[in-house]
Novice: 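The structure is given below, and queries will be raised subsequently.
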Amino acid sequence: MKLHTTPTQHYQTVTRYEDNAVEINAVSFNYSLIVLPEVPPVQWPVTSFDALTQDNFAQIEAIHPDVVILGTGKRQRFIHPRLVASLTGKRIGVECMDNAAACRTYNILMGEGRKVALALIFE
């Protein structure tokens, strides 16, 4: 689904998403990644939802977002609380949803000026 007709030059905006890829400012990515509003997307070394570890979330914690939108793939899955305990202990919210909903939610929160991190898993 195409979300925007023109990319923004100032923020990393989801401009399109599909089951196996996401487009950020008209650049396509087909691997797991972390997206923040003001810096280019970075690859996230996650190969599947079942392979998530606390170390994967330590990479996000180092960014100090207010909230993490975790895209769990084609379907919504819920993360075990122990994997994100360090984030929640620092009052960083973590919301799990399928990738399509995660992309839409990220764009809304980013548009509100929130310091949001979008973490997408592509298997």
Side-chain angles (χ1 to χ4, degrees):
M1 168 183 283
K2 191 152 181 94
L3 295 177
H4 297 279
T5 56
T6 58
T8 177
Q9 293 181 6
H10 301 289
Y11 297 107
Q12 304 302 312
T13 305
V14 176
T15 51
R16 182 182 180 100
Y17 58 84
E18 298 174 357
D19 284 343
N20 298 314
V22 65
E23 190 177 89
I24 308 295
N25 289 357
V27 177
S28 186
F29 299 89
N30 63 354
Y31 49 81
S32 298
L33 72 158
I34 299 171
V35 184
L36 298 165
E38 297 179 349
V39 295
V42 295
Q43 188 166 0
W44 195 32
V46 175
T47 56
S48 71
F49 178 84
D50 294 326
L52 283 168
T53 67
Q54 289 176 328
D55 289 339
N56 298 129
F57 292 100
Q59 182 180 358
I60 297 171
E61 183 180 344
I63 302 164
H64 307 290
D66 293 335
V67 64
V68 177
I69 305 301
L70 176 62
T72 59
K74 294 178 186 178
R75 65 184 174 92
Q76 182 180 27
R77 299 172 76 179
F78 295 97
I79 193 77
H80 194 284
R82 75 174 163 5
L83 292 177
V84 293
S86 64
L87 291 170
T88 55
K90 293 187 174 153
R91 302 182 54 90
I92 299 171
V94 180
E95 297 294 331
C96 299
M97 51 195 79
D98 64 62
N99 282 355
C103 289
R104 294 187 302 266
T105 303
Y106 165 80
N107 276 355
I108 291 167
L109 294 176
M110 185 259 318
E112 293 175 349
R114 300 277 306 269
K115 189 171 180 185
V116 59
L118 173 63
L120 293 174
I121 300 171
F122 289 103
E123 298 186 46

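FYI, side chains are in, hydrogens and waters are out, and symmetry mates aren't considered; it's all heavy atoms of this structure.
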Novice: Listed by chain and number, what are the side chain to side chain donor-acceptor pair (under 3.5 Å) partners of R114, not counting sequence neighbours?
Specialist: none

Novice: Begin with the C-alpha distance, continue with both residues' side-chain angles, and end with the deciding distance and a verdict on side chain to side chain donor-acceptor pair (under 3.5 Å) for E123 and S48.
Specialist: CA-CA 5 Å; E123 298 186 46; S48 71; 4.6 Å; no

Novice: Quick check against the 3.5 Å criterion: does K115 have a side-chain atom that pairs as donor or acceptor with the backbone of H64?
Specialist: yes

Novice: Could you pull out all donor-acceptor pairs under 3.5 Å where a side-chain atom in residues 89-102 meets a protein atom, sequence neighbours excluded?
Specialist:
unit_1: K90; atom_1: NZ; unit_2: E61; atom_2: OE2; d: 2.3
unit_1: D98; atom_1: OD1; unit_2: A100; atom_2: N; d: 3.0
unit_1: D98; atom_1: OD1; unit_2: A101; atom_2: N; d: 2.9
unit_1: N99; atom_1: OD1; unit_2: T72; atom_2: N; d: 3.4
unit_1: N99; atom_1: OD1; unit_2: G73; atom_2: N; d: 3.1
unit_1: N99; atom_1: ND2; unit_2: I121; atom_2: O; d: 3.0

Novice: Before giving the answer on side chain to side chain contact (heavy atoms under 4.5 Å, CB included), spell out for V84 and Q54 the whole-Å C-alpha distance, their side-chain angles and the decisive distance to 0.1 Å.
Specialist: CA-CA 7 Å; V84 293; Q54 289 176 328; over 6 Å; no

Novice: Tell me, please, which residues at least two apart from A85 pass side chain to side chain contact (heavy atoms under 4.5 Å, CB included).
Specialist: none

Novice: What about L118 and L70, same hydrophobic cluster or not, with Ile/Leu/Val/Met/Phe/Trp/Tyr joined at side-chain heavy-atom distances under 4.5 Å?
Specialist: no

Novice: Please list every donor-acceptor pair under 3.5 Å in which a side-chain atom of residues 29-46 meets a protein atom from a residue at least two apart or in another chain.
Specialist:
unit_1: S32; atom_1: OG; unit_2: V46; atom_2: O; d: 2.8
unit_1: S32; atom_1: OG; unit_2: F122; atom_2: N; d: 3.0
unit_1: W44; atom_1: NE1; unit_2: N56; atom_2: O; d: 3.1

Novice: Taking a hydrophobic cluster as the set of Ile, Leu, Val, Met, Phe, Trp and Tyr residues connected by side-chain heavy atoms closer than 4.5 Å, whether directly or through intermediates, do L120 and I63 fall within one such cluster?
Specialist: no

Novice: Considering only Ile, Leu, Val, Met, Phe, Trp and Tyr, and joining two whenever side-chain heavy atoms are under 4.5 Å apart, list the other residues clustered with F78.
Specialist: none

Novice: Would you compute the distance between atom CG of D50 and atom OG1 of T47 and round it to the nearest 0.5 angstrom?
Specialist: 9.5 Å

Novice: Are F57 and F49 in one and the same hydrophobic cluster, where Ile, Leu, Val, Met, Phe, Trp and Tyr link if side-chain heavy atoms are under 4.5 Å apart?
Specialist: yes

Novice: Ignoring hydrogens and angles, tell me if any N or O in the side chain of T13 forms a donor-acceptor pair with the backbone of N25 under 3.5 Å.
Specialist: no

Novice: For the atom pair CD (E23) and CD (E18), what is the distance rounded to the nearest 0.5 Å?
Specialist: 8.0 Å

Novice: Can you tell if the side chain of N107 reaches within under 4.5 Å of the side chain of R104, non-hydrogen atoms only?
Specialist: no

Novice: Do V116 and I69 come within less than 4.5 Å of each other through their side chains, counting heavy atoms only?
Specialist: yes

Novice: Has Q12 got a side-chain atom pairing as donor or acceptor with I24's backbone, closer than 3.5 angstrom?
Specialist: no

Novice: Of all residues at least two apart in sequence or in a different chain, which pass the side chain to side chain contact (heavy atoms under 4.5 Å, CB included) check with S28?
Specialist: A21

